[in-house]
Amino acid sequence: MSRAHDSTAAPASTDRGPVRVMALFSTSRHRPGPSAVTWLGAWLIAALAVTSVPAAVDGPALDAAFQALWQLEAGQSLQPFQPIEVAVDAAREDAAARADLEARLVNVLQGDATDMAKDYACRQLAIVGSDSCVPALAALLPHARLAHMARYALEGLRSPASAAALREMLGQTQGRAQVGVVISLGRLADADAAVPIAALLAQDSVELQEAAVVALGRIGTVPAAEALQKFAAEPPETLRGAVLDAQLAAVESLCAQGQHAAAVAICEALAASDAPATRAAALHGLIVAKPGEAVDLIVAGLAADEPWRQAVAADCVRQLPDQEELGALVAAMPGLPPAGKIAALASLTGRGAPQVRAAALQALQDADAAVQLAALEALVAAGTAEDVATLTALAATAESIPVRDAACETLRLMSAAGTDQALLALLTPEVAERPLLIRCAFARRSPVFVPAFLEAAAATDPATRLAALLALETMAGPADVEKLVALLSQTAPGEERDAADRAVWMACQQIADPAARTAALRAALERADAAGKCALLPTLARLGGPEALEAVHAAMRSADQSVRDAGYRALSNWPDDTVAEELLEIARHDADDAHRVWALRAYARVITLPSDRPPQTTYELLCSAMDLATRQEDRELFVARLAAVRVPDALTRLQGYLADSALRQAAVPAIFTLAKGLSQSHPDQARAALEQILPLTEDDATRQQIPKVLRDIEARQQPQQ
Amino acid sequence: MTASPRSRLSRRALLKRTAAVAGSWAVPLVVPGSVLGLDGATAPSNRITVGSIGVGMMGRGHFRLFTRYPDVELLALSDVDPWRRDESTGVLEQAYAERRASGTAHGFRAYSDFRELLARDDIDAVIVTTGERWHPAISVLAARAGKDIYCEKPVSLTIRQARTMVETVRRHNRVFQTGLQQRNSPEYRLAMQMVHAGRIGEVKLAYVSTSGVSQYENLPAEPVPEGLDWEMWLGPCPWHPYNYAYHHTGKPQHVVPWCRNRAFGAGDMTSGLVHNLDSAHEGLRKDGQGPVRITPPGVDGAPSLTFTYADGTRIVCSTVLQPGAHEIPSGWDPQTPIKNFGVLFVGTEGWIHVERFGVLNCYPRNLLDREVPKSHSVEENHRDWLACIRTRRRPRADVAIGACSTILAHLGCIALWTGRDLAWDPVREEFQNDTEANLLRARASREPWSV
């Protein structure tokens with residue numbers, strides 16, 4: 001990327017003059033020449049002028065800059081000329097200052113200044129010049145290195161005098177210089193130049209002919225178009241594209257001038273071509289040139305068999321205004337073949353005009369599913385709240401599955417006012433396909449649906465309840481916690497309870513006050529029967545906090561076995577290591593086998609969560625607890641958790657398990673994770689471990705990643721250049 | 001549908017044509033059945049034939065991707081630098097080894113002058129990755145020659161050129177895709193859907209990162225490296241002596257080194273920030289429109305470069321939002337930079353922040369209704385173009401989109417260069433009462449280049 005400075009942010013202080021002063025010329029790679037001292041002096045004067053006089057330049061600084069300008073050569077800093085730029089900027093509202101600067105710049109052009117100096121002067125004259133500088137600029141037109149910049153300044157003047165000077169130079173220049181003059185007259189669309197430029201078409205220079213063709217197209221008057229038409233009869237092969245382009249440009253100009261008949265004549269001549277590309281261009285031009293027949297031409301094109309004709313017509317649909325023309329097209333659409341309808345709808349997609357809606361609704365009745373799909377896409381922008389019922393019906397009952405999906409997608413993306421309310425009105429308990437409607441409403445992510453979701457979550461239909469709970473998981477907020485907790489306490493184990501659990505947890509997490517976060521759950525727990533307590537306890541525990549812990553402890557002391565078990569499970573769900581010691585105690589001494597297992601596994605999890613504890617201590621705690629694990633799956637869990645403890649001892653211990661056939665499979669991915677984590681702090685040990693597991697790993701992704709980590713280690717260990 | 005009438009080649013025409021091309025490698029004498037599409041391979045008649053113009057750092061990336069597409073056949077490239085021509089030819093030879101062995105590749109040729117490539121009637125489409133000084137002229141000549149075009153951003157060096165490109169492409173019904181791949185990037189597509197669907201209410205403010213503009217440079221002359229066609233490298237630009245800083249002869253070291261000099265480019269504003277501006281325009285539904293006011297930083301109280309639209313919508317360039325200076329939406333951490341060509345859309349009911357590499361954050365956080373899909377956004381942009389070549393529809397980053405976003409970037413440059421609060425008429429495409437700014441809508445271009 002360019003290393004140009006960032007200049008879109010405001011300057012640190014605003015008392016340093018206009019912003020343009022910040023955009024100083026770069027001097028990078030500048031090599032001071034023999035006259036470096038002179039340059040330094042001029043630069044110092046210039047710098048003083050820039051910093052001390054923000055909106056104007058004092059005479060000496062400007063004099064010095066102009067004096068230096070005459071010798072400007074490649075490689076010299078442009079900094080010394082900053083006063084000229086500042087003066088040009090300051091002279092915008094000062095006619096006398098502009099005249100003075102113009103005279104100085106013309107002086108540079110007419111003197112023996114270097115080409116680079118004259119180039120620079122032309123650029124400034126383009127800003128401050130008037131008709132007074134035209135002769136000096138025109139005199140540069142034959143100059144190979146300066147003509148383009150002189151033409152730029154003359155084009156910028158846009159005055160009769162500059163155009164006249166260019167026309168005059170048409171006969172006094174040759175070769176590339178003449179080509180340049182023709183280009184400039186074309187850019188000015190100088191009607192008076194049409195005839196002399198047309199005469200150049202007879203010249204034996206393809207470059208000049210091409211410039212003349214382009215210029216005539218830009219001029220675009222009747223004489224210019226006629227000259228092009230004549231030349232188009234037998235153009236050089238290499239200029240066919242340029243001539244066609246110029247003719248089409250002339251068509252546009254003629255239309256703008258009200259010369260439609262001449263424009264139509266050109267297009268009709270082109271339409272007789274053998275080349276489809278030319279015929280396509282002609283059709284495009286004809287649609288522009290015959291505004292009264294545009295819709296008919298477009299409809300005919302859309303109905304045509306030739307792909308090029310259909311493509312041109314479809315593209316022109318985009319240009320139709322939201323007026324009668326669009327209505328006429330919509331009226332004609334039922335008669336189009338499916339491909340024509342699809343092409344038209346694709347071009348109308350994105351527009352919100354009522355005519356587009358009418359076309360799309362009409363197309364929804366089409367037997368062709370592809371047409372319906374195109375209509376549904378158009379309805380995203382053009383549909384209204386009134387269409388919601390139609391769309392939900394399609395989403396529920398369309399024969400084609402892609403159409404059903406597309407209808408859901410349209411409902412998801414429609415932005416028309418009242419769409420949410422229309423969908424909400426349909427979400428009644430009696431509606432068929434209520435789960436589908438809930439999913440469509442949920443996709444819109446609007447809070448207006450939350451009460452309806454809460455109601456649906458208590459419906460008799462399990463599919464409706466599940467769809468609503470899944471939506472509430474994302475959409476419910478703190479205000480909904482009580483209702484959600486009530487729902488949770490009534491759910492049976494399974495996916496419904498899981499969804500309700502997540503919905504409550506997500507909603508509670510949004511409550512800022514930790515104590516308040518679990519209040520509703522705790523209150524419900526007190527009121528709940530045994531089954532309800534079993535449903536609520538896991539969620540409560542995952543939220544954590546001292547109040548929740550108290551409630552969990554109470555459950556662990558319950559006389560009801562199921563509640564007691566739920567309490568122990570809840571403790572095992574705890575989100576942090578504040579219960580680590582209690583878990584370890586249970587794992588060591590509890591009489592219940594299941595409680596011991598749950599607690600031990602929970603301990604392995606919480607002890608390895610990120611904490612302020614030194615990693616070596618964590619490692620030791622984990623190893624010590626591992627001795628309590630007797631079941632294979634518990635030992636594997638401890639091996640896996642070792643990967644989270646970033647100490648070399650953990651890696652060594654894991655490598656030791658590679659010799660244990662029962663734990664090798666669990667050790668390999670853990671070694672990869674840990675070695676990768678230690679690759680910067682302990683590269684040698686990490687490399688050795690990775691090389692050791694490379695032949696043992698069965699996972700393709702890991703096998704591919706190991707060499708990459710090894711390469712990174714090697715790259716880091718190589719001496720830096 | 002076919003790409004163009006010329007993409008359906010008869011076997012006779014195919015043989016005649018390939019025999020006529022003096023490629024970098026020979027054409028098989030015996031044409032196996034697969035050339036006729038008889039063995040399940042992609043038939044030549046269904047392949048889009050492509051020429052690549054400019055294989056510098058950006059062009060090489062595109063070129064390599066195109067070698068992998070089974071429905072594309074690269075027939076030619078052009079570059080003024082011989083090292084680059086040779087290197088990319090080597091890449092193609094390796095990539096097409098299997099096709100050559102099976103006789104389903106039909107010759108390849110590298111040119112120094114892109115006009116020779118454009119003159120070939122067996123090439124359907126061209127990739128233009130030369131640097132913006134050349135984008136307009138090559139695109140216009142390609143459109144006149146009936147080629148479809150993939151052109152890197154910025155599409156032009158000036159506002160006037162961008163408009164000419166749109167007009168020419170439309171006249172000739174060409175399929176033109178701009179290298180504004182965020183239009184086809186999954187995270188941006190999802191973000192635009194969310195903004196357009198009204199997830200964050202009415203949106204009339206977008207923040208994008210800041211960026212710099214170029215300055216005129218006058219670097220010393222260095223010997224022109226052997227084989228480099230410096231005159232053609234300069235093309236329409238005012239003459240400058242060769243300097244390595246502008247063109248890294250051989251292997252390119254930077255993406256757009258020339259951009260440092262205002263003579264050849266406008267700087268990061270048009271080469272990089274144009275991506276952000278383009279996405280902001282898309283989200284704000286300003287495609288085809290333009291601002292009415294462009295305010296540089298420090299002028300009229302603007303904390304940073306600001307584009308203001310007729311309906312009051314604003315695009316503000318600021319990588320980090322400053323409390324007190326910028327409007328900071330609820331839930332947005334002011335320490336969070338807007339980087340990686342990202343945009344922050346601020347609505348009446350929340351915000352959406354999207355960046356490359358799958359970054360899509362929003363507030364409220366539950367607005368995101370699906371996971372951000374993963375894909376190669378440049379490849380998606382290519383596929384969109386290739387599909388549209390077949391259907392003749394407009395791709396997502398069509399020429400009008402490319403021109404509109406490029407013009408927006410140029411407007412920012414002009415505001416920064418002049419240091420003035422500029423009033424812009426987006427319909428007439430002219431500044432009000434500012435001769436200098438209007439002058440900067442165009443540039444001097446050397447003969448014989450007329451775009």
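Throughout, protein chains are lettered first and strands after them, A, B, ... in sequence-line order, and every chain is numbered starting at 1. Computation of the quantities below employed the complete heavy-atom set of this structure, encompassing side-chain atoms and omitting hydrogens, waters and symmetry-equivalent molecules.
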- Take A/Tyr152 and B/Leu439 through the test side chain to side chain contact (heavy atoms under 4.5 Å, CB included) and record every step on the way to the result. CA-CA 9 Å; A/Tyr152 176 63; B/Leu439 198 73; 3.6 Å; yes

- For A/Arg445 and B/Met194, run side chain to side chain contact (heavy atoms under 4.5 Å, CB included): C-alpha distance rounded to whole Å, both residues' side-chain angles, the deciding distance at 0.1 Å, then the answer. CA-CA 10 Å; A/Arg445 292 297 193 268; B/Met194 291 167 67; over 6 Å; no

- Message: Applying side chain to side chain contact (heavy atoms under 4.5 Å, CB included) to A/Leu72 and B/Asn218, what does each step give before you reach the verdict?
- Response: CA-CA 10 Å; A/Leu72 175 59; B/Asn218 186 25; 3.6 Å; yes

- Between B/Arg171 and A/Val251, is a side chain to side chain contact (heavy atoms under 4.5 Å, CB included) present by the stated rule, with each step listed? CA-CA 10 Å; B/Arg171 278 181 208 132; A/Val251 165; over 6 Å; no

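For A/Ala211, no part lies near chain B; criterion is any non-hydrogen pair under 4.5 Å. Interface remark: B/Asn261 contributes no atoms to any contact with chain A (heavy atom separation under 4.5 Å). Within the 4.5 angstrom heavy-atom criterion, only backbone atoms of A/Met414 (N, CA, C, O) approach chain B. Contact annotation for B/Val451: only backbone heavy atoms (N, CA, C, O) come within less than 4.5 Å of a heavy atom of chain A. Contacts between A/Ile342 and chain B at a heavy-atom distance below 4.5 Å involve backbone atoms as well as side-chain atoms. Residue contact with chain B, scored on non-hydrogen atoms closer than 4.5 Å, is absent for A/Gln247. Proximity to chain B (any heavy atom under 4.5 Å) is shown, for A/Glu237, by neither the backbone nor the side chain. For chain B, no part of A/Ala314 is nearby; none of its heavy atoms comes within less than 4.5 Å. Looking at B/Pro448, both its backbone and its side chain come within 4.5 Å of chain A, counting heavy atoms on both sides. For a residue to count as touching a neighbouring chain, one of its non-hydrogen atoms must lie under 4.5 Å from one of that chain's; by this rule A/Met506 does not touch chain B. Neither the backbone nor the side chain of A/Ala381 comes within contact range of chain B; no heavy atoms are under 4.5 Å apart. Contact annotation for A/Arg240: neither backbone nor side-chain heavy atoms come within less than 4.5 Å of a heavy atom of chain B. When heavy atoms are compared at a cutoff of 4.5 Å, B/Trp449 approaches chain A solely by way of its backbone atoms N, CA, C and O. Interface remark: A/Ala416 contributes no atoms to any contact with chain B (heavy atom separation under 4.5 Å). Only the side chain of A/Gln319 comes within less than 4.5 Å of a heavy atom in chain B; its backbone stays farther off.
Considering all non-hydrogen atoms of both residues, B/Glu447 and A/Gly180 come closest at CG-CA, 3.3 Å. Nearest heavy atom pair, residue B/Asn366 against residue A/Thr474, reads ND2-O, 3.1 Å.
Taking 4.5 Å as the limit, every side-chain heavy atom of B/Arg446 sits out of range of all side-chain heavy atoms of A/Arg176.
Using a 4.0 Å cut-off between charged nitrogen and carboxylate oxygen, B/Arg370 and A/Glu409 count as a salt-bridge pair. Between A/Asp315 and B/Arg392 there is no salt bridge, since no side-chain N of the basic residue sits under 4.0 Å from a carboxylate O of the acidic one.
The most heavy-atom pairs under 4.5 Å with chain A, out of B/Gln322, B/His240, B/Arg199, B/Gln193, come from B/Arg199. Put simply, of B/Arg160, B/Met57, B/Glu349, B/Arg365, the one with the most heavy-atom pairs under 4.5 Å next to chain A is B/Arg160. Most heavy-atom pairs under 4.5 Å with chain B: of the set A/Ala249, A/Ala343, A/Gly350, A/Ala153, this distinction falls to A/Ala249. When each of B/Arg394, B/His196, B/His172 is checked for heavy-atom pairs under 4.5 Å with chain A, B/Arg394 comes out on top. Among B/Asn438, B/Leu368, B/Thr435, the residue with the largest count of heavy-atom pairs under 4.5 Å with chain A is B/Leu368. With chain B as the partner, the residue from A/Asp245, A/Val179, A/Ile183, A/Val380 showing the most heavy-atom pairs under 4.5 Å is A/Asp245. Of the residues considered (A/Ala346, A/Ala281, A/Ser415, A/Ala74), A/Ala74 shows the highest number of contacts with chain B, using heavy-atom pairs under 4.5 Å. Interface check for chain B: of the options A/Met149, A/Met475, A/Arg92, the most heavy-atom pairs under 4.5 Å are formed by A/Arg92.
Between the side chain of B/Asp369 and the main chain of A/Arg444, no donor-acceptor pair closer than 3.5 Å is present.
Remark: of the listed residues A/Val243, A/Leu244, A/Val214, A/Leu239, A/Val214 is the sole one forming a side chain to side chain contact (heavy atoms under 4.5 Å, CB included) with B/Arg144. Checking each of A/Arg187, A/Arg151, A/His148 against B/Ser445 for a side-chain hydrogen bond (donor to acceptor under 3.5 Å, both in side chains) leaves exactly one that passes, namely A/Arg187.
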